[in-house]
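Just so it is clear, the structure is predicted and the values come from calculations on it, not from any experiment. As a basis for the values below, the full set of heavy atoms in this structure was taken, side chains included, without hydrogen atoms, waters or symmetry mates. Labels below follow one simple rule: chain letters A, B, ... track the order of the sequence lines, proteins then strands, and each chain is numbered from 1.
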Number of protein chains: 2
Amino acid sequence: MTVTQNTSFFDQHFLNHISLDCVVFGFHDNQLKVLLIRRKFTKEWALPGGFVRGDESIEIAATRVLQERTGLDNIFLKQFKVFSEPERSKRNPIVQDLVESGARPDLEWFKQRFISVGFYALVDFSKVEPTPDSISDLCDWKNLGEVDSLILDHNQILNKALETLRLQLNYQPLGYNLLSDRFTMPELQRLYETILAKELDRRNFQRKMLSYGILNKLKERKTGGAHKAPYLYEFNLENYQKALQNGLYGGW
Amino acid sequence: MTVTQNTSFFDQHFLNHISLDCVVFGFHDNQLKVLLIRRKFTKEWALPGGFVRGDESIEIAATRVLQERTGLDNIFLKQFKVFSEPERSKRNPIVQDLVESGARPDLEWFKQRFISVGFYALVDFSKVEPTPDSISDLCDWKNLGEVDSLILDHNQILNKALETLRLQLNYQPLGYNLLSDRFTMPELQRLYETILAKELDRRNFQRKMLSYGILNKLKERKTGGAHKAPYLYEFNLENYQKALQNGLYGGW
DNA sequence: GTATCATTGCGTCGATTAGACACAAACTTA
DNA sequence: TAAGTTTGTGTCTAATCGACGCAATGATAC
């Protein structure tokens, strides 16, 4: 089969009409954060994203993009929705950016209609080195509550990602990708509370969490805090993976 | 914005590289069924699918395709995954079909790499009028267990759709789109049992189902059967929609 | 050195829910 | 009219959920 190749963009060959956008979640200081980039000239904020090369699946393309933006391999990634409204890429600030920058190598290519596949990613905040792409001058974390207007339909994409994440929480385990290897029960609880934007009972949370059988309790405690030292835990990866696959609630 | 238009196919203008495939589920004779089409010349079976026009979102395109295949409007539709392996459309039987048919209006166009958005649809079996598309000679229901080799990665798409449907069952109501307006509790139970491929306790099923508050019990019974006449139910659409949105289990 | 105080570990209690099963009523067929 | 299924409804016990109590811990203030 002949793959139809396209106008090139920075010496890469990308598929026409198809893009991807990533909502990268991190957790730090009891805050849920999103990784954003800022356009060089328009100074507008956007979700990190990219295009698909001829030899890539869309997952591979997303992995590549996130590697470039975060420095990380092996990121937890999940497709959650395709955004395809014909109007969505009108008045594209990327085009505007390229015009104003003078560097407009393949301007025409950016003018086409794009259908974007939305991914969300969960990463260990402390391991990420935010790195802007070639048409951005900044890449940084923003608290979820402090994100304001993004380009195109990126606010909508972000909201849908969050909604999906909250749903996911109800039938899949979560935390391995967002916390460091060893963590305390209160830390895990803060994560859940932050995502759900709601307080949970400390004791019931622990009981429920332990009942899943995805945690290993360590003998060590986390010292240095101002109060009673909590035990450290780690995820039991074998059971964690099983729970990811089979879900946490039987349901039927 | 200028939408990049493409080689035309049957006087339509479709977006390059993007296709959609629909897994249409129906329920009849206590069997879960899938709507399939058969290629004119190669006689291979496939999922109904299509392409996206310049003025369509991908959901609108899927709705159009399903209207053509089933005669129905207002179909329950859900995106579940994008299939984008670079190898997936190699040795494309559609191209082969067009070659053998002699009618090869835009053969080149079909040779490109396609990224396909998978949808699943739930329909009332009795209301569907299966209608083949222009490169197929047959459109018909198949029992889920009796589907054998489909073109490309369509088996994989079908399996993923079924998996998603089963997951959905655990936190969303189901049945309104697959059953007729009035139905009996045993009928609803058979539907669940068929999807889950597992038997459920009659009495516990009824208790759980009623507890959701999405059913109206009618005074009428379904007569004509060989045994005690069961009551008829209908869905309480208001509560059904609410349950679809909020989910059935709190979780957290 | 000792009291203070927020936080953690572990446990209890009642109410609700889930799973297994019993029994009578209904309706067709033999 | 009896037999054989299927349906409607109810019961029992065990497990689970949500709300809360209390003692232990460990840095900080005095």
May I ask you to decide whether B/E193 forms a salt bridge with B/K198, counting only side-chain N to carboxylate O separations under 4.0 Å?
-> no
Who pairs with B/N239 by side chain to side chain donor-acceptor pair (under 3.5 Å), at least two apart in sequence or on another chain?
-> none
Taking only Lys NZ, Arg NE, NH1 and NH2, and the carboxylate oxygens of Asp or Glu, determine whether B/E59 and A/K81 approach each other closer than 4.0 Å.
-> yes
Spacing of B/H227 atom NE2 relative to C/dA30 atom P, expressed in whole Å = 11 Å
Given atom CD of A/E220 and atom C1' of C/dG9, what is their separation to the nearest angstrom?
-> 18 Å
Touch check for B/A226, heavy atoms < 4.0 angstrom, all strands: base, sugar-phosphate only, or nothing?
-> base
Could you state the CG-P distance from B/L248 to C/dA18, rounded to the nearest angstrom?
-> 12 Å
Using a cut-off of strictly less than 4.0 Å between a heavy atom of the residue and any atom of DNA chain C, enumerate the qualifying residues of residues 193-208 of chain B by number.
-> B/D201, B/R203, B/N204, B/R207
Sidechain N-carboxylate O distance under 4.0 Å for A/E234, A/K217 = no
Sugar-phosphate, base or nothing in reach of B/K217, heavy atoms under 4.0 Å | sugar-phosphate
Test: A/R38 and A/E44 ion pair at under 4.0 Å = no
List the atom of B/L196, the atom of A/W252, and the distance in Å for their closest heavy-atom pair.
-> CD1-CB, 3.6 Å
Salt-bridge present (B/E163, B/R166; N to O < 4.0 Å) | no
Flag for B/S116-B/S19: side-chain donor and acceptor within less than 3.5 Å = yes
Cationic N near anionic O, under 4.0 Å, B/D137 to B/K43 = yes
DNA chain D: first to last nucleotide in contact with chain A (atom under 4.0 angstrom from a heavy atom), 5' to 3', is D/dC17 to D/dA27
Spell out yes or no: do the side chain of A/K228 and the base of C/dT7 have one donor N/O and one acceptor N/O closer than 3.5 Å?
-> no
A/M209 CE to C/dC10 P: how many Å, rounded?
-> 17 Å
Starting at the 5' end of DNA chain D and moving along, which residue's nearest nucleotide shows up first, B/Y231 or A/T223?
-> B/Y231
